[in-house]
Student: 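If you scroll down you'll find the structure; I have some questions about it.
We name chains A, B, ... by the order of the sequence lines, and we start the count at 1 in each one. What you see is a predicted model; the values in this text were computed from it and never measured.
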There are 2 protein chains.
Amino acid sequence: MSKSDTVFKEAYNQSLALVVEGSVLPSEAELARRLGVSRTTVRAILDAQVAAGLIAWDSRLKQVLRAPRAEDYFPEDQTDAVSLRVERAFMSRVLSSDIRPGSQFNESDFARELGVSTSAVREFMIRFSRFGLIEKQRNRHWVLNGFTEAFSLELFEVREMFELRSARAFARLPREHPAWAALDAIEAEHRAFLEAPRARLGRFPDLDDRFHRLIHSASSNRFIIDFYDVISLIFHYHYQWSKIDEMERNATAVREHLDYIAGLRSGEELDAEFYCRKHLATARETLLSATRAREDARSEAENAAG
Amino acid sequence: MSKSDTVFKEAYNQSLALVVEGSVLPSEAELARRLGVSRTTVRAILDAQVAAGLIAWDSRLKQVLRAPRAEDYFPEDQTDAVSLRVERAFMSRVLSSDIRPGSQFNESDFARELGVSTSAVREFMIRFSRFGLIEKQRNRHWVLNGFTEAFSLELFEVREMFELRSARAFARLPREHPAWAALDAIEAEHRAFLEAPRARLGRFPDLDDRFHRLIHSASSNRFIIDFYDVISLIFHYHYQWSKIDEMERNATAVREHLDYIAGLRSGEELDAEFYCRKHLATARETLLSATRAREDARSEAENAAG
DNA sequence: CATCAGTCCTATAACGATAAAAGACGTAGC
DNA sequence: GCTACGTCTTTTATCGTTATAGGACTGATG
């Protein structure tokens with residue numbers, strides 16, 4: 001095989017939303033813009049829609065013939081890039097409790113298990129090594145460091161430094177800076193969350209991510225902003241993994257965010273700093289308790305085995 | 001082609017230092033340890049030495065027949081891993097003044113130019129992207145951000161945060177901690193430098209690197225320690241590129257390091273912090289002036305061309 | 001005359017293959 | 001009984017190839 005057609009499949013699925021009976025599809029360039037792909041891919045999608053009998057396509061006229069049915073969609077698992085599949089498989093392995101820190105990791109075994117090429121795994125490992133969970137010596141195997149308590153502590157030490165600095169920078173931004181408008185919008189989303197938390201269950205991680213990224217962007221420092229990718233990834237998988245008390249944790253975080261936002265708005269750097277620290281301390285504890293639980297589970301399993 | 005035999009060639013060249021007329025080579029395992037390679041590679045080296053008539057090899061006896069000559073060595077450019085060649089070529093391109101920030105970068109052209117495969121370039125780019133000088137959008141080309149003044153400022157902002165924290169942590173280390181002994185050794189090297197700077201010309205970058213890495217290690221934080229790789233790489237190529245006033249700059253840095261060391265030893269965190277800040281300010285200025293000179297050269301060239 | 005589609009070329013993502021290097025295991029020699 | 005060597009297996013580094021996606025150019029169309 002060669003390059004996978006996940007971009008095509010994902011965009012094809014998205015494009016079906018525009019296929020409304022009796023309507024006419026826009027120009028290729030317009031479709032390309034809306035779907036976020038190139039015109040080449042759009043043309044491939046249109047060809048496929050013709051083949052499926054969804055549309056009639058003659059140059060400028062793209063007439064919808066029938067509404068899409070469930071079987072017109074590509075299965076979801078085929079729409080993710082190989083790299084994403086590798087990432088997910090890898091993270092679920094790292095987050096699972098049976099990884100001993102310092103254990104070796106084999107590229108080709110993992111590739112075989114997932115049904116992808118060794119290069120795909122290899123490139124993932126290289127990309128992933130900046131997250132501090134794996135390391136390698138030249139010409140030797142990769143070593144899994146394990147998602148340990150030490151890792152969480154080190155991660156949060158840097159996060160605190162970076163976010164405090166960013167929060168202070170944010171508080172100093174001139175009032176006409178677009179970041180304030182973005183903050184207003186995010187604050188509104190938070191209030192909506194408080195009002196109907198149940199309806200928005202599972203959508204907090206995304207909001208959380210956007211909130212913290214906005215804060216970090218005020219640093220205007222690519223290293224600080226990039227570092228948030230590490231935190232973001234860890235939290236992304238962490239949320240998926242530990243669903244206990246989700247509602248309560250989210251509610252706490254939302255309230256802390258609102259205080260934090262108020263602190264930023266006050267223009268008093270010390271206020272911003274105070275609420276920033278407070279929120280980070282909570283987030284730190286949440287992550288640490290999960291990390292400890294996993295480490296306990298692992299050592300217990302080892303004792304039982306040994 | 002497949003995996004390159006640079007490990008073999010490099011180790012072969014090194015092994016020739018042990019080939020002294022009339023002597024006998026140690027065991028395979030011992031050689032492997034000394035050369036830092038596997039026994040497999042050692043055996044390949046011994047085979048090659050036999051083929052070159054350098055030694056007679058019969059099981060445990062490895063009798064040297066003649067001293068190595070100049071032509072017994074592999075040329076130096078064949079002893080570097082492909083990845084290292086890619087790195088060097090890439091850095092000299094980024095550091096050269098004719099890169100416009102935001103310009104595109106083509107994997108296959110670069111691969112053809114260097115005579116390596118596209119995968120080699122690709123893996124390098126992935127590895128290198130954590131240095132903040134390049135970026136990519138999915139399914140699109142790489143973008144060179146350029147080694148601009150903004151880059152240097154952002155780099156130093158983070159460096160200051162990390163090194164100050166590390167220096168404070170260092171000052172707090174208990175006196176029996178091995179880091180203090182390492183610091184003693186490095187201090188002695190600095191004093192030797194002051195006494196005979198000319199004899200040690202060109203060897204300061206290595207000393208500088210080891211000194212700062214030692215400081216950073218006191219943070220016990222993998223993210224802080226890893227970040228020093230970024231700084232180290234930038235400085236490595238920067239030193240090679242800007243040789244003006246080298247002696248003077250080195251002498252200043254050595255004196256600042258000695259003050260910094262004294263500050264760490266005093267046990268007063270404020271002292272350590274003061275001299276740390278002072279040294280970092282100098283380093284920052286040095287890098288910035290070089291960055292500005294390069295940016296000026298570029299815009300001048302562009303004006304001349306436009 | 002701006003927007004659209006047809007066509008073609010180029011660059012990237014992913015693959016599988018191969019030689020180099022690492023490493024494991026058993027046996028021989030001192 | 002330890003150390004060293006012979007042999008074999010496993011794993012990585014690097015390569016070249018292929019299908020997909022991006023993008024540029026050009027003529028057609030309203």
Student: Scan Glu123(A) against the nucleic acid and name what it touches under 4.0 Å (heavy atoms): base, sugar-phosphate only, or nothing.
Tutor: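 Since no nucleic acid heavy atom lies under 4.0 Å of Glu123(A), the category is nothing.
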
Student: Between atom CD in Glu87(A) and atom P in dA13(C), what is the gap in whole Å?
Tutor: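 After rounding, the gap between these two atoms is 16 Å.
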
Student: Against Trp142(B), only a single residue in Glu107(B), Glu135(B), Gln104(B) fulfils side-chain hydrogen bond (donor to acceptor under 3.5 Å, both in side chains); can you say which?
Tutor: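 Going through the options one by one, the only one that passes is Glu107(B).
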
Student: Using the side-chain hydrogen bond (donor to acceptor under 3.5 Å, both in side chains) rule, take Glu87(B) and Tyr237(B) through it: C-alpha gap first, then chi angles, then the decisive distance, then the call.
Tutor: CA-CA 10 Å; Glu87(B) 179 188 302; Tyr237(B) 286 100; 2.8 Å; yes

Student: Starting from the first five and the last five pairs of the helix from dC1(C)-dG30(D) to dC30(C)-dG1(D), work out the angle between the resulting helix axes, to 10 degrees.
Tutor: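 Overall, the helix from dC1(C)-dG30(D) to dC30(C)-dG1(D) bends by 30° from one end axis to the other.
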
Student: Could you walk me through whether Arg43(A) and Asp47(A) pass salt bridge (charged side-chain N to carboxylate O under 4.0 Å, His left out), step by step?
Tutor: CA-CA 6 Å; Arg43(A) 287 173 65 83; Asp47(A) 275 335; over 6 Å; no

Student: Spell out protein contact along nucleotides 21-30 of chain C as letters: B when the base is contacted, S when just the sugar-phosphate is, - when no protein heavy atom is under 4.0 Å; keep the 5' to 3' order.
Tutor: SBBB---B--

Student: Check each residue of residues 26-35 of chain B for a non-hydrogen atom within less than 4.0 Å of any atom in DNA chain D, then write out the ones that pass by number, or none.
Tutor: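 Those residues whose heavy atoms fall under 4.0 Å from DNA chain D, taken from residues 26-35 of chain B in numerical order, are Ser27(B), Glu28(B).
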
Student: Decide, yes or no, whether a salt bridge links Arg66(A) with Glu21(A) under the criterion of side-chain N to carboxylate O below 4.0 Å.
Tutor: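 The answer is no: the pair does not qualify as a salt bridge.
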
Student: Expressed as a whole number of angstroms, how long is the span from Leu25(A):CG to dA5(C):P?
Tutor: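 After rounding, the reported distance stands at 11 Å.
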
Student: If you take the centroid of each ring, where Trp contributes its six-membered ring, are Phe151(B) and Phe131(B) closer together than 6.0 Å?
Tutor: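 Judged by ring-centre distance (under 6.0 Å), Phe131(B) and Phe151(B) do not meet the cut-off.
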
Student: Map Lys136(B) and Thr118(A) onto DNA chain C by nearest heavy atom, then report which one ends up closer to the 5' terminus.
Tutor: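 Closer to the 5' end of DNA chain C: Lys136(B).
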
Student: Roughly how many Å is it from CG in Leu46(B) to P in dC5(D), rounded to a whole number?
Tutor: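 Taking CG of Leu46(B) and P of dC5(D), I get 9 Å after rounding.
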
Student: Using atom CG of Asp47(B) as one end and atom P of dT7(D) as the other, report the distance to the nearest whole Å.
Tutor: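 To the nearest whole Å, that distance equals 11 Å.
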
Student: Does OP1 or OP2 of dG6(C) have a side-chain N or O of Arg43(A) closer than 4.0 Å?
Tutor: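 Answer yes for this pair, as a side-chain N or O of Arg43(A) is under 4.0 Å from OP1 or OP2.
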
Student: Using a strict threshold of under 4.0 Å (side-chain N to carboxylate O), is an ion pair present between Arg130(A) and Asp229(A)?
Tutor: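 Judged by the 4.0 Å cut-off on N to carboxylate O distance, Asp229(A) and Arg130(A) do form a salt bridge.
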
Student: Between Phe90(B) and Phe105(B), is the ring centroid distance below 6.0 Å?
Tutor: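 Yes, the ring centres sit under 6.0 Å apart.
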
Student: How do Asp109(A) and Trp57(B) order along DNA chain D: which one's closest nucleotide is nearer the 5' end?
Tutor: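 It is Trp57(B), whose closest nucleotide lies nearer the 5' terminus.
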
Student: Looking at Val64(A) and Val19(A), what are the two nearest heavy atoms and their distance?
Tutor: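 So the minimum-distance heavy-atom pair works out to CG1-CG1, 3.5 Å.
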
Student: Once you round it to whole Å, what is the distance between P of dA13(D) and CE of Met125(A)?
Tutor: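 Interatomic distance, CE of Met125(A) to P of dA13(D): 11 Å.
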
Student: Checking only heavy atoms, does the side chain of Ser119(A) share a donor-acceptor pair with the base of dG16(C) at less than 3.5 Å?
Tutor: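 Side chain to base: pair present.
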
Student: What's the CZ-P distance between Phe105(A) and dT10(D), to the nearest Å?
Tutor: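 Between P of dT10(D) and CZ of Phe105(A): 18 Å.
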
Student: Rounded to whole angstroms, how far apart are CZ on Arg122(B) and P on dA13(D)?
Tutor: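 Computing the Arg122(B):CZ to dA13(D):P distance gives 17 Å.
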
Student: Between Arg39(B) and Glu30(B), does at least one N-O distance fall below 4.0 Å, as a salt bridge requires?
Tutor: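 No salt bridge links Arg39(B) with Glu30(B).
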
Student: Measure the acute angle between the ring planes of Phe74(A) and Phe8(A), then classify it against the limits of 30° and 60° as parallel, tilted or perpendicular.
Tutor: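 Ring orientation of Phe74(A) relative to Phe8(A): perpendicular.
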
Student: Name the closest nucleotide to the Ser117(A) side chain, picking from dC5(D), dG16(C), dC15(D).
Tutor: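 Looking only at side-chain atoms, Ser117(A) lies closest to dG16(C).
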
Student: May I ask you to say whether Asp226(A) pairs ionically with Arg222(A), meaning some side-chain N is under 4.0 Å from a carboxylate O?
Tutor: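 Salt bridge flag = no for Arg222(A) with Asp226(A).
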
Student: So does Asp109(B) pair up with Arg112(B), basic N to acidic O under 4.0 Å?
Tutor: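 Looking at Arg112(B) together with Asp109(B), the answer is yes, because their closest N to O distance falls below 4.0 Å.
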
Student: Nearest whole angstrom, please: distance from the P of dT3(C) to the CG of Leu61(A).
Tutor: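 Rounded to whole Å, this separation is 21 Å.
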
Student: For dC4(C), does either OP1 or OP2 sit under 4.0 Å from a side-chain N or O belonging to Lys62(A)?
Tutor: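 Looking at the OP1 and OP2 atoms of dC4(C), neither is under 4.0 Å from any side-chain N or O of Lys62(A).
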
